[in-house]
Amino acid sequence: MKTYPLRFEQKLPIPIAEAWDFFSSPLNLAKITPPEMKFQVTSNQTADTKIYPGMIITYIISPLLGIKLNWTTEITQEKFEEYFVDDQRSGPYALWHHEHHFKTIKGGVLMTDIINYAVPYGIIGRLANQILVAKQINKIFDYRKKAVDDLFGSFKNS
């Protein structure tokens, strides 16, 4: 199985407690996902629900051509205000491992996403990754960066 690594970094002009509060709530993911994906959390979480190891989160997404897909992830690790990890249990990928890291820096927080993923279907999946999947994931994280900037403001280097 061919795996693909991705890394995204974004500086946030907010305290780590505020960043953690937002990103550790599963329902907030819909606020930073492109609307055309029609992202919807279907598991039983509320606005006050915070992640914990073992938490199962289910979603419906439409990543391509409006086709709805079910996706299930599990929070496998969490260290308060430092990091958490979600791993796909079922869904569109052969493998999805997503680490979310938070670090206090001067003027705010450095947020780092480290993703390792694989596309199913062997050589067809590898071709699909080159043509479509990698571009789609990068587009999602480009949208996310803008959405996070809109929510919290752009980081100003001092």
Side-chain angles (χ1 to χ4, degrees), residues 1-12 19-20 22-45 49-103 105 109-152 154-155:
M1 174 170 55
K2 170 78 173 151
T3 60
Y4 304 96
L6 294 172
R7 181 183 184 99
F8 302 95
E9 290 188 344
Q10 185 170 3
K11 293 178 181 177
L12 311 175
W20 185 263
F22 181 83
F23 289 99
S24 66
S25 174
L27 296 184
N28 285 334
L29 190 52
K31 297 175 184 174
I32 58 173
T33 301
E36 64 269 16
M37 292 189 70
K38 299 178 179 137
F39 182 91
Q40 179 183 359
V41 175
T42 57
S43 48
N44 191 24
Q45 273 94 33
T49 302
K50 298 300 178 194
I51 54 134
Y52 57 85
M55 174 185 259
I56 300 294
I57 308 167
T58 58
Y59 322 88
I60 295 175
I61 57 169
S62 298
L64 187 63
L65 303 172
I67 299 167
K68 291 183 177 183
L69 297 174
N70 292 310
W71 195 2
T72 301
T73 59
E74 178 181 358
I75 304 300
T76 56
Q77 300 175 51
E78 180 259 349
K79 186 169 183 185
F80 183 72
E81 293 186 354
E82 286 188 33
Y83 67 88
F84 64 92
V85 177
D86 65 87
D87 287 311
Q88 175 186 280
R89 292 296 172 241
S90 66
Y93 298 94
L95 169 76
W96 179 268
H97 176 85
H98 184 180
E99 300 176 19
H100 309 252
H101 296 267
F102 302 86
K103 180 181 178 184
I105 58 172
V109 173
L110 174 63
M111 179 174 66
T112 305
D113 290 278
I114 301 168
I115 299 166
N116 286 283
Y117 73 97
V119 181
Y121 310 116
I123 195 159
I124 294 169
R126 289 193 291 278
L127 183 60
N129 186 66
Q130 288 180 337
I131 294 170
L132 184 67
V133 177
K135 291 175 187 169
Q136 180 74 358
I137 294 171
N138 279 286
K139 181 181 168 189
I140 291 166
F141 276 84
D142 288 346
Y143 179 91
R144 175 182 163 171
K145 181 178 184 340
K146 183 184 179 318
V148 169
D149 282 348
D150 290 346
L151 283 167
F152 300 112
S154 296
F155 188 85

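Basis for what follows: all heavy atoms, side chains included, without hydrogens, waters or symmetry-related copies.
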Legend entry - NZ/NE/NH1/NH2 to OD/OE distance under 4.0 Å, Lys11 and Glu9: no

Inset, instruction - Indicate yes or no: at least one non-hydrogen side-chain atom of Val133 is less than 4.5 angstrom from one of Tyr4. - result: no

Legend entry - Stepwise side chain to side chain donor-acceptor pair (under 3.5 Å) test for Thr76 and Glu74: CA-CA 6 Å; Thr76 56; Glu74 178 181 358; over 6 Å; no

Inset, instruction - Looking only at non-hydrogen atoms, find the nearest pair between Val85 and His97 and report the distance. - result: CG1-CE1, 3.3 Å

Inset, instruction - For the pair Ser24 (side chain) and Lys50 (backbone), establish whether a donor and an acceptor sit closer than 3.5 Å, ignoring hydrogens and angles. - result: no

Legend entry - Atom CD1 of Ile124: over 12 foreign heavy atoms under 6.0 Å: no

Legend entry - Gap between atom CD1 of Ile61 and atom OG1 of Thr42 - 0.5 Å precision: 11.0 Å

Inset, instruction - Indicate yes or no for a side-chain donor-acceptor contact from Thr58 to the backbone of Ser43 under 3.5 Å, with no hydrogens or angles considered. - result: yes

Legend entry - Those residues that, when tested against His100, pass ring pair (Phe, Tyr, Trp, His ring centres under 6.0 Å) (two or more places apart): Phe84, His98

Legend entry - Asn129 side-chain N/O to Gly125 backbone N/O, donor-acceptor pair under 3.5 Å: no

Legend entry - Minimum side-chain heavy-atom gap Ile140-Pro34 below 4.5 Å: yes

Inset, instruction - For Tyr59, check ring pair (Phe, Tyr, Trp, His ring centres under 6.0 Å) against everything at least two apart and list the hits. - result: Phe39, Trp71

Inset, instruction - Determine the minimum heavy-atom distance between Gln136 and Pro63, stating which atoms define it. - result: NE2-O, 3.1 Å

Legend entry - Interatomic spacing from CG in Asn44 to CD1 in Ile56 - rounded to 0.5 Å: 13.5 Å

Inset, instruction - Can you measure from CE (Met37) to CG (Leu69) and round to the nearest 0.5 angstrom? - result: 9.0 Å

Inset, instruction - Identify the heavy atoms of Ser62 and Lys68 that sit nearest to each other, and give their distance. - result: OG-CG, 3.5 Å

Legend entry - Spacing of OG1 belonging to Thr33 relative to CG belonging to Asn28, to within rounding of 0.5 Å: 10.5 Å

Inset, instruction - Could you pull out the closest heavy-atom pair between Trp96 and Ile137, with the gap in Å? - result: CZ3-CD1, 4.0 Å

Inset, instruction - List the atom of Lys79, the atom of Trp20, and the distance in Å for their closest heavy-atom pair. - result: O-CH2, 3.5 Å

Legend entry - Any donor-acceptor N/O pair, Glu78 side chain to Ile51 backbone, under 3.5 Å: no

Legend entry - N/O donor-acceptor pair under 3.5 Å between Gln10 side chain and Lys145 backbone: yes

Legend entry - Atom of Pro92, atom of Pro120 and distance for their closest heavy-atom approach: O-CD, 3.5 Å

Inset, instruction - Report yes if some heavy atom in the side chain of Ile57 is under 4.5 Å from a heavy atom in the side chain of Thr72; otherwise report no. - result: no

Inset, instruction - Sequence neighbours left out, what passes ring pair (Phe, Tyr, Trp, His ring centres under 6.0 Å) with Phe152? Give chain and number order. - result: Phe22

Inset, instruction - Quickly, which of Ile105, Val109, Leu12 forms a side chain to side chain contact (heavy atoms under 4.5 Å, CB included) with Phe155? Name it, please. - result: Ile105

